[in-house]
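Scroll down for the structure; my scribbles are underneath it.
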Protein chains: 2
Amino acid sequence: MKRTPSKPRIPAGYDPRAFPPVAVTVDMVVLTVVADDLQVLLVERGAEPFRGRWALPGGFIREDESLDEAASRELLEETGLNVAPYLEQFRAYGNPGRDPRMRVVTVVYLAFVPNVGTITAGTDARRAALVSVRRALETGTRKKLAFDHRTLLQDAVEKARSLLETTSVATAFVDSPFTLSELRTVYETVWGQPLDPGNFRRKVLSTPGFVIATGRQARPGAEGGKPPDLYRPGKMTGLNPAFRRP
Amino acid sequence: MKRTPSKPRIPAGYDPRAFPPVAVTVDMVVLTVVADDLQVLLVERGAEPFRGRWALPGGFIREDESLDEAASRELLEETGLNVAPYLEQFRAYGNPGRDPRMRVVTVVYLAFVPNVGTITAGTDARRAALVSVRRALETGTRKKLAFDHRTLLQDAVEKARSLLETTSVATAFVDSPFTLSELRTVYETVWGQPLDPGNFRRKVLSTPGFVIATGRQARPGAEGGKPPDLYRPGKMTGLNPAFRRP
DNA sequence: GGAATAGTGTCTCTGAGACAGTATAGT
DNA sequence: ACTATACTGTCTCAGAGACACTATTCC
């Protein structure tokens, strides 16, 4: 079956015009919840085009790595972040003209992370920072996102909202162990809707494998209150029936 | 913002090693329901590699078209099929080695079609045909699918099952007008589970915009029976709550 | 005790599964 | 008449929303 002798970079059986120069990149939409605010990890571009504008972290895939590997590597290189817990491809964008330099098809990944520590900007990025999604999507803002990243971010956030409905992925947003209030805040922040604490509790605890009780309790907050129970993330699972958005 | 003078094919600002030779293709998973059987449109490859094996229709994207346009065009070229009703991108595959010739990243599209007429094989394909999904996925079969298309097909079918749960896309599988029995057969075939006719009816009719009553009735079948009411597809809509799979 | 947060119980309504019953065609 | 299919109604149970009530901490 293998006709390729010594792995040629330009294969013999292809008409060069059949595959015009195309670059493939991966872009990451890394979401986190900080103080009731949904934030996304952005980098400030250090090169043209769109120099000085905010962009999603990402870059070209290498020859010997899968798309998933490329996504993890690029994120690590540009922001020093390692996203083991949750990383999912969600769609590709390839309109001609989305990059003024050449035809670029990008595969977008979605990652959920809890409290991120220090973010160190790496190659090609002047700095990296967490930016409020609301701010990043504002149309009238002076620093619009680079490329078509506004569209990518919008679609990714909608996908994230949907994932909270159908899977137990919300636990990736919080550090372990966590309280159910913290987990509920994730839902309320991503969905932008308040949830009834009692009903939320019932839904989560009645879904086998969503969370695992540790038996321990946290210290109450500064203003007092009953010490809440602590939980660990369960095995990632689909919710059936889904968690209905209010 | 545009730095590119006269649209160069090899841009100046890029390190050539930064984007190794990569080709981008689109592949189509065209599903249809024929006589209680879920079938997929496949083409027999007329060229190496995998000559003579079944593959998903698809091909290289062109420089001036979007991914969506490439998908529609490739399908039309290879099979003479025009899929206006429903076409959705669902994910990209780009593992190194998935094509023995070179690095190929493919964007996979999912399409649902009703009764397909004659299928005419086009360029690069010896013939095109509808093949039972069950048969196409059999591991012990003599003609395995080309490339990693078995994985693509498996994932696409699972995606299709999920789409029936959350959207009204099932109507794309049937010719308009249709009876609720025909629509129910779509669900039963894709899910591989029988559904209660009465409860199915209640769910569909209680979802605003799922189907639209025409007021007309079909002729009863050969063995008699009450003439069923005819419906047209409504506006594509999300189902809330979702249609639960048994 | 009062405030604040965590957690429990309970009523009600919606929606879905099970399934019996009715309607209208062909033979 | 009988059969086959289409359609309707009804009972019941699970799950979710609303919301009152109890529990435990800090001040």
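A quick note: this is a predicted structure, and the numbers were derived from the prediction, not measured. All values below come from the heavy atoms of this structure, side chains included, with hydrogens, waters and symmetry mates left out. By convention in this document, chain letters (A, B, ...) are assigned in the order of the sequence lines, proteins followed by strands, and residues within each chain are numbered from 1.
- Between A:Arg45 atom CZ and A:Leu56 atom CG the span is 11.0 Å, to the nearest 0.5 Å.
- Atom NZ in A:Lys226 sits roughly 6 Å away from atom P in D:dT24 (whole-Å rounding).
- One distance of note links OG of A:Ser132 with CD of A:Glu138; it measures 8.0 Å at 0.5 Å rounding.
- Within 4.0 Å (heavy atoms only), B:Ser181 reaches sugar-phosphate atoms of the nucleic acid but no base atom.
- Between A:Glu77 and A:Arg73 there is a salt bridge, since a side-chain N of the basic residue sits under 4.0 Å from a carboxylate O of the acidic one.
- Atom CZ of A:Arg91 sits about 12.5 Å away from atom CZ of B:Phe90, to the nearest 0.5 Å.
- Atom pair B:Gln217:CD and D:dT5:P shows a separation of 17 Å (rounding to whole Å applied).
- For B:Tyr93 and B:Phe147, the gap between ring centers reaches or exceeds 6.0 Å.
- Ranked by how close their nearest DNA chain D nucleotide is to the 5' end, B:Thr179 and A:Pro241 are led by B:Thr179.
- Residue A:Thr32 holds its OG1 atom at 8.5 Å from CG of A:Leu38, rounded to the nearest 0.5 Å.
- Using cut-offs of 30° and 60° for the angle between ring planes, the A:Phe243 and A:Trp191 rings count as perpendicular.
- Nearest-nucleotide mapping onto DNA chain C: of B:Arg245 and A:Glu223, the residue sitting toward the 5' end is A:Glu223.
- In this entry the distance linking CZ of B:Arg219 with C1' of D:dT5 reads 13 Å, nearest Å.
- Between the side chain of A:Arg202 and the base of D:dG17, a donor-acceptor pair under 3.5 Å is found.
- A salt bridge links A:Arg184 to A:Glu188: one of the charged nitrogens lies within less than 4.0 Å of a carboxylate oxygen.
- Aromatic ring orientation, A:Phe200 versus A:Tyr187: perpendicular (interplanar angle above 60°, classes split at 30° and 60°).
- Against DNA chain C, the stretch residues 189-201 of chain B makes heavy-atom approaches under 4.0 Å through B:Asp196, B:Asn199.
- Protein chain A touches strand DNA chain C; the 5'-most and 3'-most nucleotides with an atom under 4.0 angstrom of its non-hydrogen atoms are C:dA4 to C:dT8.
- A straight line from CG of B:Asn240 to C1' of D:dA16 spans 12 Å, rounded to a whole angstrom.
- Between B:Glu182 atom CD and D:dT5 atom P there is a gap of 14 Å when expressed in whole angstrom units.
- Judged by closest nucleotide on DNA chain C, A:Gly225 is the one of A:Gly225 and A:Leu230 placed further toward the 5' end.
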